[in-house]
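Here's the structure, in structure tokens; my notes come after.
Heads up: numbering here begins at 1 and tracks the sequence.
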Amino acid sequence: LSLHDALPIWGMKGGAFKCNMCGRLTRDTGDNASVGLCPDCLEEAELENMFSDGAITGAEYKKGMADVEKRRQKRKKK
């Protein structure tokens, strides 16, 4: 088993898990591990939910998704 195969380590604040959507190794901050998503994928899911509920417009949804993608690309360049 590799380290990545041994993850997620659920219920352990400060542990790490593999994001269920993108596979990114993510530190458990206590906010995102319960859904198994990294911060970017969690934000995408929240945007999709808000859009489907009518809480944000299509333009707000597109801008939010573009902002998430910009952060992902910036992180990949590091």
Side-chain angles (χ1 to χ4, degrees):
L1 279 178
S2 72
L3 173 63
H4 295 284
D5 292 331
L7 300 173
I9 304 168
W10 298 105
M12 182 178 154
K13 188 171 183 180
F17 62 93
K18 192 173 179 180
C19 176
N20 289 327
M21 281 181 63
C22 71
R24 176 179 163 201
L25 186 60
T26 303
R27 187 172 66 89
D28 176 5
T29 62
D31 296 329
N32 52 349
S34 64
V35 292
L37 300 175
C38 71
D40 291 338
C41 290
L42 179 62
E43 185 173 346
E44 285 182 341
E46 290 171 344
L47 285 164
E48 289 176 11
N49 189 42
M50 289 188 295
F51 179 65
S52 70
D53 289 347
I56 60 174
T57 65
E60 290 170 316
Y61 171 78
K62 288 179 183 178
K63 182 185 181 319
M65 294 298 267
D67 290 345
V68 171
E69 186 57 31
K70 283 179 192 175
R71 281 196 305 275
R72 276 197 179 111
Q73 295 305 317
K74 185 177 179 180
R75 188 175 40 260
K76 286 180 182 180
K77 290 180 182 180
K78 287 184 179 183

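For the pair Asp67 and Arg71, the salt-bridge criterion is not met [side-chain N within less than 4.0 Å of a carboxylate O].
Between Cys38 and Cys19, the closest heavy-atom pair is N-SG, 3.3 Å. The shortest heavy-atom contact between Lys18 and Gly23 is CG-O, 3.3 Å.
In this structure, Glu60 CD and Met50 CE are separated by 8.5 Å, a value rounded to the nearest 0.5 Å. To the nearest 0.5 Å, the span separating CZ on Arg75 from CZ on Arg24 amounts to 3.5 Å. Of the inter-residue distances, the one linking Lys70 atom NZ with Lys74 atom NZ reads 11.0 Å to the nearest 0.5 angstrom.
Val68 places a side-chain heavy atom less than 4.5 Å from the side chain of Arg72.
Partners of Tyr61 by side chain to side chain contact (heavy atoms under 4.5 Å, CB included), not counting sequence neighbours, listed by chain and number: Leu47, Glu48, Phe51, Ile56, Met65.
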